[in-house]
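One structure is given here, and the rest of the page talks about it.
Chain identifiers are assigned alphabetically (A, B, ...) following the order of the sequence lines, protein sequences preceding nucleic acid strands; residue numbering begins at 1 within each chain.
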Amino acid sequence: MASESTMAHPFEDAPNHVTPTVIHDPILSKTDFRSVGTRPLRPDGLDKVTGRARYGADFNMPGQLVGLVLRSPHAHAKIKKIDTSKAEKLPGVKAVVTAADLPDHTGGDQSMYDILENCMARGVAKYDGHAVAAVAAVDAPTARKALKLIKVDYEVLPHVTDVDEAVKPNAPLVNPRMLTEGVEPKPKKASNIAKRTEFGHGDVDAGFKEADVIVTRSFRTEQTHQGYIEPHACVASVSPDGTGELWVCTQGHFVYRNHCAMLLGMDVSKLRVTSSEIGGGFGGKTHVWAEPVALALSRKANRPVKVTMTREEVFRASGPTSASSIDVKIGARKDGAIVAADATLRFTCGPYYGMWAELGSMTAFACYDLKNVRTVGYEVLVNRPKTAAYRAPSAPMAAFAVESVMDELAHKIGMNAVDFRIKNAAKQGTRASYGPVYGPIGIGATLEAAKKHPHMKAPLGKNQGRGMACGFWFNFGGQTCTDINVGPDGSVTLTVGTVDVGGSRASIALCVAEELGVPYEQVKCIVADTGTLGHNDMTDGSRGTFSSSMAGIFAARNAITVLRERAARMWEIPVEHVTWEDGHAKAVGEKYGNLAPLSLKEIAAAAGNTGGPIAGHSEIVADGAGVSFATHIADVEVDPETGRSKIVRYTVIQDAGKAVHPAYVEGQYQGGAAQGIGWALNEEYIYGKDGRLQNPGFLDYRIPVCSDLPMIDTQILEIPNPNHPYGVRGVGETSIVPPLAAIANAMSNAFGVRMTHVPMSPPRVLKALEAAKKA
Amino acid sequence: MAVLVSTAINGDTVEFACDPHESLLDVLRNRLGLSGAKEGCGTGDCGACSVQVDGRVVCACLMLGVEAEGRDIETVEGMSHGTELHPLQSKFLEHAALQCGVCTPGFLMAAKALLEHNPDPTEEEIRFGLAGNLCRCTGYDKIVRAVQDAAKVMRG
Amino acid sequence: MAEIHLWGALRPAAGGASTVSVDAKTIRELFRKLEETYPGMAPHIARGVAVSIDGRIYRDDWGRDLPEGSEIYLLPRIQGG
C-alpha cells in the first residue's frame with residue numbers, strides 16, 4: 001500500500017488528493033465498500049519491475065523468421081510495377097508479399113477494405129510510409145538486404161498534406177472517387193471532403209441577435225502521435241491447415257483476431273490471438289497495421305514470422321491523430337448567459353474516411369447548457385497516415401478552440417473565467433449539444449472544486465500566467481465476457497478479455513473481491529487469449545474497467561448463486577434458506593440459523609461431491625457508460641527571450657463516478673494531462689513540401705520528459721454513474737482534453753497574447769509576443 | 001564474421017559470439033534471453049534500453065555488443081537479490097509508478113545509477129537525472145515520488 | 001409512433017428533416033424500418049449508429065425497447081482511444 005500521506009506534497013496548500021470528494025446518489029445503494037477504493041499492488045507489477053513481463057517483441061516461436069516492411073518514400077504515387085524476383089532469389093529469404101498476397105475478402109465492408117489497403121498499398125501509395133511490400137528472412141540483415149532488392153516503379157502524383165489546402169477547390173485529390181457524404185443534393189464531383197456532419201439545436205442566428213458580446217476566432221492544431229513507448233510488434237504463425245496463432249501487443253486481441261481473420265480469409269475460430277503485455281496504446285493499437293502482413297508472410301513461408309516496427313515506422317505509418325482547423329463563434333449577454341454557440345471543424349483523416357470531425361463536433365460544446373448551438377464538421381482526406389483514435393479522439397482540439405473563446409468572452413464581459421463557466425455549465429436534465437439529455441453529471445462539481453482549490457489563489461511569479469479549461473468525453477461500454485473459476489482451495493481465478501493498459505486487472509479484481517466478500521489477494525485476474533473466452537471489445541473509449549468490472553460483478557453474482565446451491569446441498573437444506581455474506585454461505589430461518597457459516601474455501605473443497613467445478617460467467621453488452629467531465633488549472637511560465645514555456649503547477653479535477661483503485665485513477669489523470677501538455681507545447685508532425693514526414697523520431701518529435709513537468713496534482717470527484725452497480729465511470733480519456741486550452745488561457749492571462757495555433761512551440765510564442773509588442 | 005566476447009552480466013561471467021554490427025541491446029535480447037531492456041526507439045532517445053555498464057547508465061541500443069568485452073554490465077534482471085526486491089522496485093510498485101510498464105526497466109536502471117551517485121537528490125535533480133527516459137503513461141509524478149521514497153529508504 | 005431525432009449527417013437521407021416518425025417498438029425494428037423508408041441511411045446504420053433513449057446511450061444492443069413517449073436520438077457509434 002502506498003503511504004502517500006507521508007510524502008512531502010509539492011504544494012503545502014493543496015488538499016490531500018488521496019481523499020476523494022464523495023457525492024452520494026440515491027439511485028445507488030452501494031456506498032459501503034471494503035475492497036473498492038483501496039490501493040493494493042497490481043497482480044502484474046512484480047513481473048514489470050523485474051523485467052520478466054513479456055511485451056510484443058519479447059516472445060519468440062521455434063523457427064521464427066524476421067519480417068520487414070518496404071514503405072513508400074512518396075506522399076502520393078501510383079505503383080506501376082513491383083519486381084520482387086531478385087529479393088526472392090536472395091539466400092535466406094523465405095517469403096516476399098505484396099498486395100497480391102492479400103486478396104480482398106472484405107465483401108464490400110468499406111472500413112475493412114480501408115484497413116486492408118492501409119496495411120498494404122493496392123496500386124497507389126497514399127502517404128509517406130505506406131507499406132508496399134514485405135519480406136520474411138532468416139535474420140534481420142538478410143531481410144534488410146532483401147528490401148533493397150525489391151524494385152518499385154512509382155509514378156509520383158500530386159499530393160496534399162495540409163488540412164486547409166486539402167479543402168480548396170483545386171487541391172490534388174487523395175481519392176478521386178470520394179463524393180462528400182451528408183450533403184444534399186449529392187455532389188457529382190469528387191473532393192477531399194469525405195463527409196459533412198452537423199449537430200445542435202435551437203436557432204443559432206436568432207440567438208446571436210440577443211448577444212451583447214460575440215467572440216469569433218479561428219484555430220489550428222497540428223497532428224500528434226499517441227507516442228506509446230513500445231513499437232507495434234507481433235509474432236504470427238499460420239499452418240497449411242488454415243489454423244494460425246498471433247502473439248501481439250494490442251488494445252483488443254479479439255478485434256485483432258476478427259480483423260486479421262477477415263483480411264486473411266481465415267475462419268475466426270481458427271486464429272488464436274494472445275495479447276502480450278502492452279507498452280502503451282492510447283488508441284494507436286486499436287486496429288491492425290503490420291499484423292495481417294505478418295500472417296501473410298507466415299502463410300507463404302510456412303514458418304512463424306516476427307514483425308517489429310522501428311520507431312520511424314511507428315511515426316510514419318501508425319497512429320496518428322488529426323490535424324485540425326476550427327472556427328468558433330460564441331455570443332453572450334452582459335449577465336454572462338451564453339445565447340448562441342457555433343463552430344465549424346475540419347479534421348484530417350489521412351487518406352480514408354473517418355469520423356474525427358464528427359467526434360469533435362459532438363464534444364465541442366458538451367460542457368455547456370446551450371439553447372442555441374450548432375457544430376458542423378468536415379472529414380478531410382490528406383496524404384498522411386490513416387488517422388487513428390488518440391485518447392478522447394478529437395475532443396482536445398475542439399476544446400482548445402471552444403475553451404479559448406470561452407475565456408476571451410468571459411474577459412470581455414468582465415466576468416471571472418470560472419464563474420462564467422459555472423453559470424453556463426450543463427447539469428442533469430440539460431440537452432447536450434450532441435442531442436440527448438444528461439443524467440447526473442459532474443461538470444458543475446469540477447468547476448466548483450476548481451473555484452475552491454488553493455491553486456486558484458496561489459501567488460504567481462514573474463512571466464507566469466494561470467489558465468483553466470474544461471473537458472468532456474463520452475465513455476462507452478460494449479461487448480464483454482468474463483469468467484470466474486473457484487479453485488479447490490477457494491482461491492478465485494478471474495478471467496477477463498479486456499487488455500490491461502494501466503492497472504485494470506487490479507481494478508476488476510477489486511470489484512470481484514468486493515462482490516464475493518473475499519480479500520483482494522484471493523482473486524487472481526488474468527487476461528485470456530481469444531480461444532479461452534467469448535468476444536470482448538477493445539480497451540478503448542475508457543471502457544476497460546467500466547465494462548469488465550460490470551461483467552466481473554455479474555459473474556461473481558452468478559458464482560454466488562452456484563455457491564449458495566452447493567452450500568445448501570452440503571447442509572441438506574433448501575437453497576432459499578441460504579444467503580451469501582462476507583465471503584460465506586449463511587443459513588437463515590428458525591430451523592437452520594444455528595448452522596455455522598460455510599466459507600468459500602469449505603464449499604470449494606467439497607465441489608467435487610456437490611456437482612463439480614464452481615464457476616460464474618457473464619456475457620453482456622455494457623451499455624450505460626457515464627459521461628466524464630474535468631476541469632484543469634495550469635500555471636505557465638514563458639521566457640520572453642526565447643518563447644519557451646514551462647508548466648510550473650498543474651491541477652486536474654475530474655469525476656470518476658467511483659474510483660475503484662484511486663492510485664490508477666490518479667495515474668490516468670496525470671498521464672492524460674502530460675500528453676495534453678506535450679501536445680500544447682511541443683508535439684507536431686512536420687511535413688516537407690515533398691509530403692514527407694521530417695521528424696519521425698523522439699529526438700525531433702519531442703514528448704515531455706521528466707524535467708519538463710511539475711508534479712501533477714489530482715482531485716478525484718465521485719458522482720456515481722447510475723448505470724454501473726458500483727457507480728463507476730470510465731476515467732481514461734477526459735484528462736487529455738483540457739490542457740491545450742488551459743495552457744493557452746494561461747499564456748493569454750500572462751501576456752495578453754491569444755495563441756490560436758497548437759503546438760505553442762517557442763517559435764510560435766515568440767512570434768506572437770513580438771507581434772503583440774509591435775501592436 | 002562473428003566475434004567472441006567475454007563479459008560479466010549481473011555478476012555472472014558470460015561469453016557470447018556476435019556480429020560486429022550488433023548492438024548490445026540485440027545481444028542481450030536476442031542472444032542471451034535478457035528481454036528486460038526494451039527497444040523503444042533504437043536511437044538513444046527513449047531510455048527504455050537503459051543498462052549499467054561499469055556503473056554508468058548506457059542506452060544498450062547505442063553500444064555495440066563487442067564493446068561489452070571485459071565490462072561489468074547490469075540489467076534490470078539483476079536488480080533484486082534472490083526474492084528481495086531492490087528498494088526502487090518496491091517503491092515503484094507501492095507508488096503505482098508504472099502503468100504499461102514498458103519504460104519501467106529503463107527507469108529503474110537510471111534511477112539506481114542516480115541514487116548511487118547522489119543518495120539524497122532534490123526533486124529537480126531527480127527530474128533531470130531521469131530526463132533521458134521517456135514515459136508516456138504516468139506524467140512522471142508517481143515515478144518521482146517513488147524515487148524520493150526509495151532514496152529515503154536506502155539512506156536508512 | 002416514435003419520433004426519432006437525426007443528427008446532421010443522416011438528415012439528407014430523410015430529405016433534410018431533423019426528425020422522422022417511425023412505428024417501432026425496439027431498436028432492431030427501428031433500424032429495419034429506417035432502412036426500408038430511407039435507404040440512404042443504410043450505409044450509416046451498417047457503419048454504426050447508437051441510439052439514445054431518454055438520455056441513455058445504447059451503442060450495441062438492438063433488443064432494447066423504445067418506450068412509448070420516450071425521447072430518441074440517433075448518434076454516430078463513437079470510437080475511443
Please round to the nearest 0.5 Å and tell me the distance separating atom CD1 of I620(A) and atom CG of D61(C).
10.5 Å
May I ask you to name which of S52(C), G8(C), G80(C), A13(C) has the most heavy-atom pairs under 4.5 Å with chain A?
G80(C)
Can you tell which part of V376(A) gets under 4.5 Å to a heavy atom of chain C, answering side chain, backbone, both or neither?
neither
Between M538(A) and chain C, with a heavy-atom cut-off of 4.5 Å, which part of the residue counts as in contact: side chain, backbone, both or neither?
neither
Distance, nearest 0.5 Å, that separates CD of E198(A) from CG of L6(C):
12.0 Å
Got a second to check how far D540(A)'s CG is from Q79(C)'s CD, nearest 0.5 Å?
8.0 Å
Nearest-0.5 Å distance, CZ of residue R56(C) to CG of residue D623(A):
6.5 Å
At their closest point, which heavy atom of A389(A) faces which heavy atom of G81(C), and how far apart are they?
CB-CA, 3.9 Å
Which residues, numbered in order, of residues 64-76 of chain C come under 4.5 angstrom of chain A by heavy-atom distance?
E71(C), Y73(C), L75(C), P76(C)
If we define contacts as heavy-atom pairs under 4.5 Å, which of E181(A), R391(A), R543(A) has the most with chain C?
E181(A)
Here the gap from D60(C) atom CG to F476(A) atom CZ, rounded to the nearest 0.5 Å, amounts to 9.0 Å
Residue pair I57(C), Y434(A): steps toward the side-chain contact (heavy atoms from CB on, under 4.5 Å) verdict:
CA-CA 12 Å; I57(C) 297 172; Y434(A) 59 87; 4.3 Å; yes
Backbone N or O of G15(C) within a donor-acceptor pair of the E184(A) side chain at under 3.5 Å?
no
Interface moiety of Q251(A) toward chain C, non-hydrogen atoms closer than 4.5 Å:
side chain
Measure from NZ or CZ of R47(C) to the centre of the six-membered ring of Y353(A) and say whether it is under 6.0 Å with the direction within 45° of the ring axis.
yes
Within the 4.5 Å heavy-atom criterion, are D54(C) and V437(A) side-chain neighbours or not?
no
R374(A) versus chain C, heavy atoms under 4.5 Å apart: side chain, backbone, both or neither?
neither
Should the heavy atoms of other residues, nucleotides or ligands under 6.0 Å from NZ of K25(C) be counted, would the total exceed 12?
no
How close do E358(A) and A9(C) get, counting heavy atoms only, and between which atoms?
OE2-CB, 4.1 Å
R11(C) side, atom CZ; R196(A) side, atom CZ - distance, nearest 0.5 Å
9.0 Å
